[in-house]
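The analysis underlying the following values was restricted to heavy atoms, covering all of them including side chains, and did not include hydrogens, waters or symmetry mates. Just so it is clear, the model here is predicted, and its values are computed rather than measured.
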Amino acid sequence: MGIVTFLAPIAGIIAAALTVPVVIAFYLLKLRRRPVRVGSVMFWERAVRDAQGNVPWRMVRPQTQLVLQLLGLALLLLAFARPVAPGELGGRVMLVLDRSASMNATDGQAGATRLEDARDRLRELATDLSSTAGTRVMIVALASEALPLTPWTSDRAVLLGALEAVEPTDETASADTLVDLVRLAAAGDDAGADEAGDSADLSEATEPTTLAIVLASDGDIEPPSDPLPANVEVRLESVGGVPAGADTSPKSNAGIVAVAAQRLYDDPATVRVFARVEATGDFRRELPIRLALDGRIVAEEVADLTTDDGGDGDDGDEGPSVVSVGLSVASPDAGVLSVLLPGDDALVADDTASLWLRSAGRPRVLHVIPNDEIVDPDRPGPVILVSAVLDAMDLGGLRIVRLGRYEQLAAGGVLPFDVVVFDRVSPSVPPRMASLHLGVAPPSEQPDESPKFVGLEPGEVPPTRVVSWRRSHPVMRDLALDQLAVAEPLIDAAPGLVRSRTESAGQIVLASGERSPLIVADESGQHRRIWVGFEPAMSNWPKLVSFPLFIAEAVDYLSLRGARDAADSVRAGDLATMILARPRTSVRVTGSGRVLETTTPTPSARPTIGPLPRAGVFLLEDANPGDQRAVAVNVASELESRIGVRTELPLAFGGMSPGEASGTRMGGERELWPWFLVAGLLVLTLEWFFSARSLGR
């Protein structure tokens with residue numbers, strides 16, 4: 001409670017100077033009395049005192065009537081000076097309602113959610129503040145963004161309506177966005193219209209005053225990067241469970257805090273799903289974790305959550321128990337993967353984590369041949385050796401063009417292929433995609449640098465056999481090249497090049513002959529390259545089983561078919577970018593009881609939709625073949641899944657505590673003169689009662 005001040009102290013002093021001497025003068029001046037003859041002095045003791053009290057300029061003896069008169073006069077004079085006292089909150093008050101994922105925990109009063117309890121707290125506070133003179137309030141909803149819902153106002157209906165309109169989310173609370181909003185309001189920068197405008201007025205063109213923030217939350221929020229301004233009072237209305245001590249107290253919950261999926265490199269049809277699960281409180285036990293594909297359970301594993309991971313629980317509280325699990329499923333096609341927990345804990349949103357699984361994909365290959373080459377299956381030739389293998393593969397598309405046509409297509413922009421195979425030809429510039437070069441050396445990615453390997457003319461190096469190959473490389477691990485003989489090697493290491501330096505530069509020798517390398521992989525540039533330093537027709541390779549295996553493995557390796565991201569998801573509150581087979585101007589998704597739609601002025605095959613505030617799977621309406629049919633939204637937050645409760649915000653939040661702010665708070669003062677006036681009149685009434693009794697009335 002702050003110090004009582006006066007709005008009209010000068011007026012009170014003047015009134016006291018005029019009235020107090022008059023009251024005292026009545027007791028200093030002697031009253032003239034008429035002599036009267038009496039028959040006894042038995043009852044004259046009181047009369048003697050009255051007579052002595054009226055002797056001029058004699059010390060006034062304390063009397064009840066005098067004390068009551070002076071006290072009543074003092075109270076009336078104080079009322080005249082208009083005393084005021086600072087209220088508990090006043091001026092500008094920002095009521096912040098936390099609606100993050102942990103606020104959906106059902107451990108509130110009578111089984112309500114924390115959000116409902118917090119809303120009730122702020123509803124009562126808004127009602128009181130709206131009737132406090134000089135106080136204006138703003139309602140703010142806090143999740144991944146701090147969203148002002150009202151301007152500065154004292155309209156009770158507006159404030160209560162804004163609180164009722166706040167909807168829960170599964171987002172993670174961001175203190176940084178709240179600090180940004182508070183700084184704008186505390187600095188006095190105009191950020192919107194006034195109360196008559198269409199948007200919330202965050203601040204006004206007045207000198208900075210103390211701003212009060214009341215945060216209704218469980219308090220377990222990551223502190224902001226920058227603290228709150230020094231002239232901001234911040235207080236926490238803590239909700240949720242029964243805190244153990246003055247700091248974080250974990251409640252019973254198990255949640256999936258991270259999930260990812262990857263197709264196996266050597267078997268892209270097999271998907272490996274990884275999930276990280278944290279448990280607190282009573283959920284430190286063995287839990288069944290299930291994997292579902294398009295709603296059908298395909299795998300299950302029991303996770304042991306009975307041990308603690310040595311977490312950093314505050315005040316001696318145990319940290320969460322953490323376990324990582326891996327589940328597998330065979331699915332070459334696209335679909336929705338979901339990791340499921342039993343779901344009988346305090347927070348439901350983190351019991352499921354979903355992913356949109358992309359299809360394994362079939363690479364699209366462009367086969368480039370010499371300009372004078374004729375493709376005729378009935379006429380055996382060098383081109384048929386490669387094209388027959390490519391045609392037998394399960395590709396997303398195969399096109400054969402001559403080098404001249406390729407140069408025209410490449411000059412027109414990015415080609416719609418994943419891999420280009422240069423069969424005994426070399427382009428004028430490096431292709432803007434992964435490439436396999438058979439025979440002729442590829443163009444240099446860095447013309448200014450010395451090449452690590454150089455091309456040779458036929459006959460410069462004698463025939464050779466493969467003497468070694470890198471069996472650990474994904475392209476070579478299933479191959480046997482001990483019978484491969486090459487008549488005309490066309491590749492050699494640059495003079496003076498050390499093999500270890502070659503590999504450290506990103507160019508790796510995959511197979512070597514007796515005197516020179518034969519197959520080289522280049523991963524030093526933006527796109528992967530493989531150079532086979534001989535023409536297949538000038539070797540016995542087409543007759544060996546390893547030849548078609550090499551072509552297939554090389555295409556998979558270059559197209560990143562197994563290594564590419566197999567699945568994706570977004571966190572609640574984020575935007576999602578969808579991948580469509582054909583451009584659209586409008587996209588509509590439904591899920592978690594919501595319908596979201598985005599419209600673009602021009603058709604787009606990569607539309608962005610959101611933000612998506614709730615966790616779940618949002619399905620695309622009117623999906624076409626090849627479209628991404630769903631968007632997976634997850635909580636994916638360790639902080640929210642721990643559903644901790646704090647009774648005080650950490651010091652890193654900055655600002656002032658309520659005690660520090662009480663002496664500096666401006667606005668919201670309560671005038672006390674009516675109370676002083678009533679008290680003064682009551683005292684004077686009491687004095688009149690004593691006076692009447694003394695006169696025997």
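Judged by distance alone, the side chain of N104 and the main-chain N or O of L115 form no donor-acceptor pair under 3.5 Å. Side-chain N or O atoms of D345 include one that pairs as donor or acceptor with a backbone N or O of A254 at under 3.5 Å. The closest donor-acceptor contact from the side chain of R263 to the backbone of S331 lies under 3.5 Å. Under the 3.5 Å distance criterion, the side-chain polar atoms of T169 are matched with a main-chain donor or acceptor of R99. Under a 3.5 Å cut-off, the side chain of T598 and the backbone N or O of T608 do form a donor-acceptor pair. A donor-acceptor pair under 3.5 Å is absent between the side-chain atoms of T270 and the main chain of L264, judged by distance alone. Not one N or O on the side chain of R646 forms a donor-acceptor pair closer than 3.5 Å with the backbone of L236. Proximity of a side-chain donor or acceptor of S435 to a complementary backbone N or O of V420 within less than 3.5 Å is not detected. Between the side chain of T177 and the main chain of A146, a donor-acceptor pair closer than 3.5 Å is present. Using modelled atom types, no side-chain atom of R358 and backbone atom of Q628 make a donor-acceptor pair closer than 3.5 Å.
Contact between P611 and G573 at its shortest, heavy atoms only, is CB-O, 3.4 Å. Across all non-hydrogen atoms, the minimal contact from R114 to V239 is O-CG2, 3.8 Å. Taking all atoms of both residues into account, the shortest heavy-atom contact from D117 to A112 is OD1-CB, 4.0 Å.
Applying the salt bridge (Lys or Arg N to Asp or Glu O under 4.0 Å) criterion to R364, with sequence neighbours excluded, gives D418. Evaluation of the side chain to side chain contact (heavy atoms under 4.5 Å, CB included) rule for A630 yields V336, W356, V617, L619 as partners, not counting sequence neighbours. Partners of F618 by ring-ring contact (aromatic ring centres under 6.0 Å, His included), not counting sequence neighbours: none found. Residues meeting the salt bridge (Lys or Arg N to Asp or Glu O under 4.0 Å) test with D120, sequence neighbours left out: R123. When the side-chain hydrogen bond (donor to acceptor under 3.5 Å, both in side chains) test is applied to D176, the partners found at least two apart in sequence or on another chain are S225.
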Which pairs would a plain distance check flag for residues 578-585, meaning a side-chain donor or acceptor within less than 3.5 Å of a matching protein atom at least two apart in sequence or in another chain?
{"unit_1": "R584", "atom_1": "NH1", "unit_2": "E621", "atom_2": "O", "d": "3.4"}
{"unit_1": "R584", "atom_1": "NH2", "unit_2": "D622", "atom_2": "O", "d": "2.3"}
{"unit_1": "R584", "atom_1": "NH2", "unit_2": "D627", "atom_2": "OD2", "d": "3.3"}

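The pair R276-E638 meets the salt-bridge criterion, with a side-chain N (NZ, NE, NH1 or NH2) lying under 4.0 Å from an Asp/Glu carboxylate O.
Atom CG of L291 is separated from atom CD of E300 by 10.5 Å, given to the nearest 0.5 angstrom. How far OG of S238 is from CG of L215: 9.5 Å, rounded to the nearest 0.5 Å. The CG atom of L97 sits 11.5 Å away from the CD atom of E237 when rounded to the nearest 0.5 Å. One distance of note links OG1 of T280 with CG of L347; it measures 10.0 Å at 0.5 Å rounding. Taking CG of D98 as the reference point, atom CG of D218 lies at 6.0 Å (rounded to 0.5 Å). Within the model, atoms CG of N253 and OG of S102 stand 10.0 Å from one another, a figure rounded to the nearest 0.5 Å.
There is no side-chain donor-acceptor pair under 3.5 Å between S144 and S174.
When the options R594, R119, R614 are evaluated for a salt bridge (charged side-chain N to carboxylate O under 4.0 Å, His left out) with E167, the one that passes is R594.
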